[in-house]
Amino acid sequence: MIRRGAVVFAALLAICFAVAAFAADVHLSPAGHDDADGSADKPVATLRRALDRVREIRAANQPRETPVEIAVAEGRYELDGPVVIGPDDSGTEHSPTVIRAAEGARPIFSGGRVIRGWRVASDGEQCRWIVELPEVKAGGWAFSQLFVNDQRRFRPVLPVSGWHTIAGTLDPSAAAAGKGHDRFVFSGDDLRAGWANLGDVEVVAVHQWTMSRMPIAKIDRRQDDSKTGVVILAGHTRSVWDWCSFSKGNRFLVENVREALGTPGSWYLDRPTGMLTYCPMPGETPDSAVVIAPVADRLLEIRGDSAAGRPVEHLRFEGLTFAHDNWTMPRGGQSYPQAEANVGGSIVATAAKHLAFDRCAVRHVGRHAVEFRAGCRDCTIQGCEFVDLGGGGVLASSEVHQMTDGNAGTEGLVEADGQAVTDIAVRDTTIAHGGRLHPAAVGVWIGHASHCTVEHCDIHDLTYTGVSVGWTWGYGPSPAHHNRIVSNHIHDIGHGVLSDMGGVYTLGISPGTVVEGNVIHGIASREYGGWGLYTDEGSTGIVMRKNLVYRTSSGGFHQHYGRDNLIENNVFAMARDWQLQRSRVENHTSFRFEKNIVWWDSSAPLVKGDWSKQLVTNANCYWNASGPVVFPEGQDLTTRQAAGQDAGSIVADPRFKDPERGDFTLDPASPALRIGFEPIDPAAAGRRTPRSLTTDLPEVPTLWPESRSRPR
């Protein structure tokens with residue numbers, strides 16, 4: 001009896017401890033009031049007020065050795081602007097501030113507004129919903145995104161299918177001379193001066209690895225050729241170089257044309273009248289559809305002060321969803337030379353330390369999901385879901401806008417005290433369905449940052465690069481070093497929309513940087529440059545090992561130029577155009593290529609470029625299942641080895657289990673094992689924890705013609 005009583009007491013004690021573990025200091029609920037005390041019975045209504053209550057609790061209970069917790073109840077929390085968090089909201093090492101979803105809840109912080117009051121109109125056979133928004137008419141609100149039943153909708157686009165083509169290249173106008181490009185020749189009626197609200201019509205034009213999105217300033221019909229016209233844009237690109245020009249033959253779309261409205265799911269905001277028109281999808285009704293238009297420019301801003309030595313510290317977000325930021329195009333348009341890095345994040349942190357996002361989601365946004373700016377360090381994204389993104393997933397850099405050419409004046413580039421971005425970790429996170437507004441965005445972009453980790457992530461359905469590391473072109477000093485890109489699953493990148501991309505892309509001098517254990521496949525460029533591993537300009541001191549790369553358009557590995565990189569123990573398989581590429585020979589060792597397996601089953605050549613000088617190739621296994629393995633200059637392996645390359649290499653079938661189905665398991669008797677190749681376990685790549693907050697979202701549509709029909 002005594003023994004049974006002790007067991008019962010222990011059980012009750014365990015229950016009490018469990019309840020205490022979930023007890024919160026402040027409660028937040030959509031049904032709360034900000035004049036309440038934040039108790040379970042009297043919750044507050046806004047996150048800002050909840051944080052103020054935490055300040056009051058800390059002031060009354062210093063020091064504290066346990067976390068101060070805000071429990072966020074189920075519901076939608078509507079934001080008119082970003083929630084701003086400052087140094088006074090910081091926790092401590094032993095008492096962090098934790099903002100978490102209440103047990104079993106899936107709260108959403110939304111920067112959008114639910115649109116109500118629709119009236120149904122009929123235009124012939126076309127049903128349209130119409131609502132007047134006085135705030136828009138008064139000039140106080142504009143938006144370029146709309147979401148219906150948790151699915152993105154697009155404004156009317158021309159052409160309805162495919163692309164228009166630029167008919168002719170022009171020098172910049174006088175207003176853009178020396179700055180960038182701002183005009184081109186178009187054909188026929190691709191553009192029309194008589195369109196309604198012409199200044200709100202946007203030209204979305206492809207360059208090479210970027211696109212520009214710009215409003216129209218003027219359209220002129222050419223006097224000497226009635227079949228063509230000239231469009232002058234309201235802004236200009238960021239460079240005068242050809243790769244940033246509107247070149248003849250390049251493609252473009254025209255977005256937000258009122259006269260093109262009518263496709264189910266399309267919508268148009270007439271800013272002068274404030275009228276929003278929506279063409280419903282089959283089965284949608286105004287009574288049941290939830291239509292959300294974004295209002296808040298950003299969703300969360302964490303603002304520390306490095307100069308004053310006052311960071312925001314020891315703050316955690318758990319189980320929360322952030323959605324519906326309001327990115328709108330600047331007056332001069334959006335055009336950036338690479339990676340759309342200037343777009344910024346929906347969640348922005350500056351001078352933040354020990355900041356964590358655990359099992360959170362960011363979805364339905366027009367920017368990148370999360371951005372770490374100057375002074376951020378020891379920050380973690382763990383088990384998160386970033387889905388349906390106007391840009392990419394994560395930005396990490398002390399300097400976003402500076403694009404540095406290492407051959408032109410970067411000597412002495414250093415990080416200012418307190419400004420360095422370091423030790424940012426992104427783990428077990430899904431980054432998917434990005435580039436919906438800014439197609440050149442990157443899944444994870446590490447610019448001027450060091451000791452960062454991207455590990456066990458699923459990164460897919462982007463129109464540019466999966467992970468990008470480094471932001472210095474050439475051999476000048478770089479703050480990007482000792483970064484790790486490890487055990488990620490990166491796939492379905494590019495979709496044939498842009499060129500010059502990689503599953504993992506690197507730039508500049510980067511000692512200590514490791515790219516290891518990743519599975520990369522389905523990299524498809526438009527014209528050139530769909531590579532798996534891509535060491536671009538000045539990439540130096542980088543180790544790439546134990547990666548599985550297959551089904552790329554332009555080669556599993558490409559080095560433009562760089563120094564002393566190690567490409568070791570990788571599988572490169574089934575590239576379309578050629579298997580390996582090198583673009584520039586320099587007066588130093590470019591890279592070592594050792595213990596790799598190269599396998600393909602087509603007439604595509606083994607390599608493109610010089611594969612004989614200023615590099616080291618040893619102990620590799622080559623096999624073409626469709627014919628002979630031919631080395632550069634028509635050499636066979638014996639001739640190549642006599643010339644001093646590929647000592648210890650073999651031409652032999654590595655005996656993969658089923659490469660056509662993506663199974664690159666090696667037979668235990670594989671001859672590749674004899675050259676020292678260590679087997680790769682593809683199952684170890686990708687996130688290790690299941691998604692929970694975005695699994696019930698509908699398919700994420702896209703604007704770009706090449707990827708509209710792809711499963712997502």
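FYI, the numbering just counts along the sequence from 1. The structure presented is a predicted model; accordingly, all values stated were derived computationally and were not measured.
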Q: Under the side-chain hydrogen bond (donor to acceptor under 3.5 Å, both in side chains) criterion, do S398 and Q419 qualify, and how do the steps go?
A: CA-CA 6 Å; S398 60; Q419 298 299 303; over 6 Å; no
Q: Side chains of S288 and T285: do they bring a donor and an acceptor to under 3.5 Å?
A: yes
Q: Holding to ring-ring contact (aromatic ring centres under 6.0 Å, His included), I want the full list of residues that pass it with W129, two or more places apart in sequence or in another chain.
A: W118, Y278
Q: Partners of Q151 by side chain to side chain donor-acceptor pair (under 3.5 Å), sequence neighbours excluded?
A: R153
Q: Under the criterion side chain to side chain contact (heavy atoms under 4.5 Å, CB included), I'd like the reasoning laid out for T321 against C360: C-alpha separation, chi angles, the key distance, then a yes or no.
A: CA-CA 6 Å; T321 294; C360 291; over 6 Å; no
Q: Determine, stepwise, if the pair D388 / H433 fulfils side-chain hydrogen bond (donor to acceptor under 3.5 Å, both in side chains).
A: CA-CA 5 Å; D388 188 6; H433 317 309; over 6 Å; no
Q: Any salt bridge (Lys or Arg N to Asp or Glu O under 4.0 Å) pairs touching residues 27-38, not counting sequence neighbours?
A: none
Q: Just to verify, what does T689 make a side chain to side chain donor-acceptor pair (under 3.5 Å) with, not counting sequence neighbours?
A: R687
Q: Do R298 and I347 have side-chain heavy atoms sitting under 4.5 Å apart?
A: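 In short, these two side chains do not touch, never coming nearer than 4.5 Å.
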Q: If the test is side chain to side chain donor-acceptor pair (under 3.5 Å), which one of Q334, E340, E202 qualifies with R213?
A: E202
Q: Can you find a pair of side-chain heavy atoms, one from V467 and one from I490, that are under 4.5 Å apart?
A: yes
Q: Under a 4.5 Å cut-off applied to non-hydrogen side-chain atoms, are V54 and I70 in contact?
A: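 V54 vs I70: side chains touch.
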Q: Between T46 and R49, is any side-chain donor less than 3.5 angstrom from a side-chain acceptor?
A: no
Q: Under a 4.0 Å N-O cut-off, is there an ion pair linking D696 with R106?
A: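 Yes.
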Q: What's the shortest heavy-atom distance between Y77 and A45, and which atoms?
A: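 For Y77 versus A45, the nearest heavy atoms are CD2-O, 3.8 Å.
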Q: Does some side-chain heavy atom of E284 sit less than 4.5 Å from a side-chain heavy atom of N149?
A: yes
Q: Taking side chain to side chain donor-acceptor pair (under 3.5 Å) as the definition, give me every residue that meets it alongside H438, ordered by chain and number, with sequence neighbours left out.
A: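 Counting only residues at least two positions away or on another chain, H438 forms no side chain to side chain donor-acceptor pair (under 3.5 Å).
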Q: How far apart are the closest heavy atoms of R76 and S110, and which atoms are they?
A: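 Looking at all heavy atoms of both residues, the shortest contact is NH2-OG, 3.0 Å.
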Q: So, do V291 and V114 sit near enough that their side-chain heavy atoms are less than 4.5 Å apart?
A: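 When only atoms from C-beta onward are counted, V114 and V291 do not touch, as no gap falls below 4.5 Å.
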Q: Do you see a donor-acceptor pair shorter than 3.5 Å between the side chains of Q382 and R359?
A: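 Per modelled atom types, Q382 and R359 side chains form no pair under 3.5 Å.
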Q: Does the salt bridge (charged side-chain N to carboxylate O under 4.0 Å, His left out) test come out yes or no for R427 and D358, once each step is laid out?
A: CA-CA 10 Å; R427 295 190 176 96; D358 186 1; over 6 Å; no
Q: Taking side-chain contact (heavy atoms from CB on, under 4.5 Å) as the definition, give me every residue that meets it alongside D150, ordered by chain and number, with sequence neighbours left out.
A: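 Per chain and number, D150 pairs via side-chain contact (heavy atoms from CB on, under 4.5 Å) with R363, H364, L697, P698.
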Q: CG of L276 to CG of D270: how many Å apart, nearest 0.5 Å?
A: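 Output value for this atom pair is 10.0 Å.
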Q: Roughly how far apart are R238 CZ and Q338 CD, rounded to 0.5 Å?
A: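 Nearest 0.5 Å value for the CZ-CD distance: 13.0 Å.
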Q: With Y464, which residues qualify under ring-ring contact (aromatic ring centres under 6.0 Å, His included), at least two apart?
A: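 Y464: no ring-ring contact (aromatic ring centres under 6.0 Å, His included) contacts found.
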Q: Does the side chain of S266 come within less than 4.5 Å of R155's, by heavy atoms?
A: no
Q: Between D88 and R310, is a salt bridge (charged side-chain N to carboxylate O under 4.0 Å, His left out) present by the stated rule, with each step listed?
A: CA-CA 9 Å; D88 291 336; R310 300 186 69 230; 2.6 Å; yes
Q: What I'd like to find out is whether the side chain of T430 reaches to under 4.5 Å of the side chain of F386, using heavy atoms alone.
A: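 Contact flag for T430/F386 side chains = no.
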Q: Taking all atoms of both residues into account, what is the closest heavy-atom pair of G447 and A480, and its distance?
A: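 Of all heavy-atom pairs spanning G447 and A480, the closest is O-CB, 3.3 Å.
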Q: Could you walk me through whether Y268 and M275 satisfy the side chain to side chain contact (heavy atoms under 4.5 Å, CB included) test, starting with their C-alpha distance in whole Å, then the side-chain angles of each, then the deciding distance to 0.1 Å, before giving a yes or no?
A: CA-CA 8 Å; Y268 182 79; M275 301 302 295; over 6 Å; no
Q: I99 and side-chain contact (heavy atoms from CB on, under 4.5 Å): which partner among V26, L51, D89, L28?
A: L51
Q: I'd like to know if the side chain of E371 and the backbone of G345 have a donor-acceptor N/O pair within less than 3.5 Å.
A: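 Yes; at least one donor-acceptor contact below 3.5 Å.
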Q: Under the ring-ring contact (aromatic ring centres under 6.0 Å, His included) rule, collect the residues that match up with H314, sequence neighbours excluded.
A: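 ring-ring contact (aromatic ring centres under 6.0 Å, His included) check on H314 returns H354.
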Q: Looking at every heavy atom in both A289 and V148, which two are closest together, and how far apart are they?
A: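 Distance-wise, the nearest heavy atoms are CB-CG1, 4.2 Å.
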Q: For the side-chain contact (heavy atoms from CB on, under 4.5 Å) test, which of V426, I381, T350 pairs with F372?
A: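 Running side-chain contact (heavy atoms from CB on, under 4.5 Å) over V426, I381, T350 with F372 returns exactly one hit, I381.
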Q: Could you report the tightest heavy-atom contact between P280 and R128, atom names first, then the distance?
A: CD-CA, 4.3 Å
Q: Once the angle between the rings of F317 and F357 is folded into 0 to 90°, is it parallel (under 30°), tilted (30 to 60°) or perpendicular (over 60°)?
A: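 Answer is parallel, since the angle falls under 30°.
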Q: Let me see the working for L355 and I302 under side chain to side chain contact (heavy atoms under 4.5 Å, CB included), right down to the final yes or no.
A: CA-CA 10 Å; L355 173 67; I302 301 165; 3.7 Å; yes
Q: Which residues satisfy the side-chain contact (heavy atoms from CB on, under 4.5 Å) test with R484, sequence neighbours excluded?
A: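 side-chain contact (heavy atoms from CB on, under 4.5 Å) check on R484 returns T453, E455, V486.
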Q: Excluding sequence neighbours, so at least two apart, what forms side-chain contact (heavy atoms from CB on, under 4.5 Å) with P311?
A: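 For P311 the side-chain contact (heavy atoms from CB on, under 4.5 Å) partners, ignoring immediate neighbours, are E313, K353.
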Q: Determine whether the aromatic ring centres of F147 and W267 lie less than 6.0 Å apart.
A: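 Distance test on ring centres: not under 6.0 Å, no.
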Q: Is there a side-chain contact between L315 and I85 in this structure, where contact means two heavy atoms from C-beta onward sitting under 4.5 Å apart?
A: yes
Q: Please enumerate all residues that pass ring-ring contact (aromatic ring centres under 6.0 Å, His included) together with F154, with sequence neighbours excluded.
A: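 ring-ring contact (aromatic ring centres under 6.0 Å, His included) check on F154 returns nothing, list empty.
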Q: Under the side chain to side chain contact (heavy atoms under 4.5 Å, CB included) rule, what do D461 and R436 come out as? Steps first, then yes or no, please.
A: CA-CA 10 Å; D461 189 18; R436 267 36 189 183; 2.9 Å; yes
Q: Can you name the closest pair of heavy atoms from A142 and L269 and give their distance?
A: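 That closest heavy-atom pairing would be CA-CD2, 4.3 Å.
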Q: Can you name the side-chain contact (heavy atoms from CB on, under 4.5 Å) partners of S95, sequence neighbours left out?
A: R58, R64, V68, T92
Q: Please identify which of these residues, N326, V348, V365, V83, meets the side-chain contact (heavy atoms from CB on, under 4.5 Å) condition with L299.
A: V365
Q: Would you indicate whether R271, at its atom CZ, is surrounded by more than 12 heavy atoms from other residues, nucleotides or ligands within a distance under 6.0 Å?
A: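 Open.
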Q: Students often mix this up, so state it plainly: with edges at 30° and 60°, are the rings of W471 and Y336 parallel, tilted or perpendicular?
A: parallel
